[in-house]
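Before any comments, here is the structure.
Every chain is numbered from 1, with letters handed out A, B, ... down the list of sequences. Predicted model only: the values in this text are computed from it and were never measured.
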Amino acid sequence: MSHTPLSPTGALSVITFRNYTTYKRHWKLFVTGFLEPVFYLLSIGIGVGALIDSFTFNGQQIPYAAFVAPGMLAASAFNGALMDSTFNVFFKLKYEKLYDQMLATPLTTADIARGEIVWGQLRGGVYSAAFLLVMLAMGLVHSWWAVLALPATLLIGFAFSAVCMGLTTYMTSFQDFDKITLAQLPMFLFSATFFPVDAFGDGVLRWVVEATPLYRGVVLCRELTTGAVTSASLVSVGYLVVMGLFGLWLVRRRLDRLLLT
Amino acid sequence: MTDATAHDPGTAHALATGSMITARDLRKSFGTFEAVKGIDVDVRRGEVFGFLGPNGAGKSSTMRMIAAVSPVTSGELRILGMDPATDGPSIRARLGVCPQEDTLDNELNVVDNLFIYGRYFGIDRATCRERAAELLEFANLTDKAKAKVEDLSGGMKRRLTIARSLINRPELLLLDEPTTGLDPQARHVLWDQLFRLKQAGVTLVVTTHYMDEAEQLCDRLVVMDKGLIAAEGSPRELIAAHSTREVAELRFGVGEHEAIADKVADLGERVEVLPDRLLVYTDDGEHVLAQVHERGLTPVATLVRRSSLEDVFLRLTGRSLVD
């Protein structure tokens with residue numbers, strides 16, 4: 001009996017199912033990733049926010065927490081995507097030889113790239129969806145545009161999952177992940193997550209921050225949840241789409257080079 | 001089985017020629033290192049074909065090319081009549097691969113290793129479940145279905161790896177050193193299972209450096225050395241062509257073998273000096289022993305045996321250790 005190899009979407013759903021099956025055993029690990037941005041929202045957004053009398057964003061007065069929340073929304077997609085696309089991918093690639101196993105079947109490196117990137121994206125997406133519900137419950141959503149915030153977080157997850165998985169293929173040991181942590185924390189703190197980008201003045205520093213991917217994600221989420229959407233929002237969308245597609249291309253190419261020798 | 005695939009031009013070709021694998025001047029290089037230096041291979045439908053050779057002979061590189069996961073550097077390679085460069089997924093859909101190391105999915109339990117692996121082939125859920133249950137039975141692992149992979153013994157892992165490679169009912173099964181690291185009982189169980197697959201019409205391609213395994217399993221084999229094929233034939237043909245009928249083994253004191261070799265050189269067709277004994281290749285071993293004693297030599301121990309594939313292997317690939 002012969003079987004027709006899976007279509008790209010079929011392969012995607014099978015790889016997703018495999019990852020989902022492995023996570024059923026580790027659901028507690030999954031939950032911790034959701035709590036982190038919630039804790040930041042409570043301590044910085046609400047706690048520190050209580051010290052701030054008036055906060056102006058986009059010409060209107062909003063509670064400081066409503067400014068921080070979309071930043072944490074973007075960060076939850078960012079963190080979730082990073083969890084799977086870095087350590088877990090490294091482990092599967094170097095130690096578990098999972099991709100070698102998959103390549104003994106009709107699956108291709110393109111299938112693996114898409115499957116793993118989408119898994120990272122979904123993990124971020126689940127965190128973001130839960131966080132968005134928290135925001136709604138706390139009255140921190142101020143616009144109907146917010147219905148697009150979830151797709152926006154999926155886009156953020158895609159961009160980071162793809163590029164970080166691509167970078168992970170260059171890692172040779174777990175020590176190399178210090179570099180990721182080294183980039184992750186400052187990005188989280190300085191991407192206009194807790195204070196507006198104006199604080200950087202008008203110099204090179206501000207230009208640098210505006211060019212970083214998490215900043216694009218944060219402002220996009222903020223524009224959507226506060227209703228400050230303009231045509232400039234499309235710049236962020238375009239940026240993240242290009243970043244994700246570049247990552248996808250890179251991962252595919254790297255897997256070919258590493259596994260099909 | 002053939003009805004479903006007869007429309008495929010590759011299969012039609014393979015059926016017509018009876019050839020599962022055809023290689024012509026097949027080469028594989030890694031940078032400046034040439035691992036496979038131009039080999040010709042034909043594997044026929046239904047046979048057990050062996051690649052023998054010391055470490056570094058190019059067996060695994062050849063197997064990876066056949067598994068359609070390693071691009072051919074030059075030469076021609078057809079698997080089931082198809083070109084791995086363009087039809088990789090279609091070839092792999094009909095191939096079973098049992099790699100040298102057990103690369104099982106440690107994050108899944110035993111039965112999910114079979115079930116999800118089957119899903120990678122695009123086999124529907126119901127069929128995957130059915131086959132997973134059958135294969136657990138085949139591998140004697142039914143009571144371990146829900147166990148973690150890391151809790152299995154080495155033999156169990158090997159059996160699971162082989163069972164997994166059968167989930168797509170492959171026409172061609174590639175086994176890279178299937179019994180390395182197994183105890184004798186587990187090896188016999190495995191050989192028995194491989195025989196059953198052969199009876200069922202599956203073509204098997206095996207690499208091994210165990211000569212008894214090759215003699216037991218292979219209908220035909222090639223001996224590879226330094227990236228080339230040194231000899232080809234059935235185990236019996238190879239023994240006839242490259243060795244004598246019998247071998248007299250003579251064991252003397254430590255360090256004496258080199259010196260004594262000269263004194264017995266004329267007694268056989270060929271004398272080999274091993275660190276711990278002398279091998280005299282002859283058609284009449286007992287006669288050689290009698291002559292050795294006549295010459296006043298007193299070996300500590302003697303043995304007369306039939307030539308084996310091991311003698312052929314050692315002769316063709318040399319005695320120096322390869323790391």
Side-chain angles (χ1 to χ4, degrees), chain A residues 1-27 29-30 84 87-116 119 252-253 255-261, chain B residues 1-8 10-11 28 30 61 64 67-71 80 84 87-99 101-109 112-113 115-125 127-128 131 148-149 161 164-165 167-171 174:
Chain A
M1 197 184 304
S2 152
H3 309 278
T4 333
L6 289 162
S7 67
T9 45
L12 184 59
S13 80
V14 167
I15 293 175
T16 305
F17 178 73
R18 183 257 163 212
N19 287 332
Y20 165 73
T21 309
T22 66
Y23 265 92
K24 282 198 293 192
R25 295 213 315 225
H26 305 297
W27 62 271
L29 285 177
F30 205 90
D84 268 292
F87 288 99
N88 289 355
V89 161
F90 184 73
F91 188 66
K92 290 170 179 177
L93 179 67
K94 301 270 169 174
Y95 294 98
E96 289 285 294
K97 308 275 179 202
L98 178 69
Y99 307 140
D100 290 293
Q101 299 172 43
M102 290 176 167
L103 288 174
T105 74
L107 294 179
T108 63
T109 49
D111 291 328
I112 295 169
R114 281 189 293 261
E116 293 292 88
W119 179 250
R252 162 89 199 270
R253 198 181 124 94
L255 291 181
D256 278 350
R257 184 156 298 176
L258 291 173
L259 302 175
L260 303 179
T261 53
Chain B
M1 196 163 172
T2 47
D3 284 347
T5 52
H7 304 293
D8 184 336
T11 309
K28 179 72 193 182
F30 299 99
S61 298
R64 280 179 55 78
V69 290
S70 170
L80 302 161
D87 301 315
S90 304
I91 292 170
R92 299 199 298 266
R94 291 160 56 187
L95 227 57
V97 179
C98 180
E101 283 159 36
D102 295 309
T103 52
L104 292 159
D105 193 334
N106 291 309
E107 294 184 280
L108 297 173
N109 68 23
D112 280 343
N113 258 279
F115 176 77
I116 290 182
Y117 197 75
R119 299 282 297 142
Y120 295 156
F121 284 87
I123 305 169
D124 65 82
R125 286 164 184 274
T127 311
C128 276
R131 288 190 192 171
K148 284 187 196 169
V149 169
T161 306
R164 190 181 64 171
S165 68
I167 195 88
N168 60 326
R169 305 248 163 105
E171 293 160 61
L174 308 179

Checklist entry - To the nearest 0.5 Å, how far apart are CZ in B:Arg64 and CG in A:Leu260? => result 7.5 Å
Item to check | Interatomic spacing from CG in A:Asn19 to CG in B:Leu108 - rounded to 0.5 Å | outcome: 9.0 Å
Item to check | Interface moiety of B:Leu104 toward chain A, non-hydrogen atoms closer than 4.5 Å | outcome: backbone
Next on the checklist: Is A:Ala104 close to chain B through its backbone or its side chain, or both, or neither, when contacts mean heavy atoms under 4.5 Å?
Outcome noted: both
Item to check | Residue of the set A:Leu107, A:Leu6, A:Thr105 for which side chain to side chain contact (heavy atoms under 4.5 Å, CB included) holds with B:Phe121 | outcome: A:Thr105
Checklist entry - What are the two closest non-hydrogen atoms of B:Pro89 and A:Thr108, and how far apart are they? => result CG-CG2, 3.8 Å
Checklist entry - Under a 4.5 Å heavy-atom cutoff, which of B:Asp112, B:Leu95, B:Asn106, B:Asp105 has the most pairs with chain A? => result B:Asp105
Checklist entry - In residues 93-101 of chain A, which residues are in contact with chain B at a heavy-atom separation under 4.5 Å? => result A:Glu96, A:Lys97, A:Leu98, A:Gln101
Checklist entry - Does CZ in B:Phe30 sit with more than 12 non-hydrogen atoms of other residues, nucleotides or ligands closer than 6.0 Å? => result yes
Item to check | Contact origin within B:Val97 toward chain A - heavy atom pairs under 4.5 Å | outcome: side chain
Checklist entry - Taking 4.0 angstrom as the limit, do B:Glu107 and A:Arg18 come out as a salt bridge? => result yes
Checklist entry - Can you name the salt bridge (charged side-chain N to carboxylate O under 4.0 Å, His left out) partners of A:Arg252, sequence neighbours left out? => result A:Asp256
Checklist outcome for this item: If one checks every heavy atom of A:Lys24 against chain B at 4.5 Å, the contacting part turns out to be neither
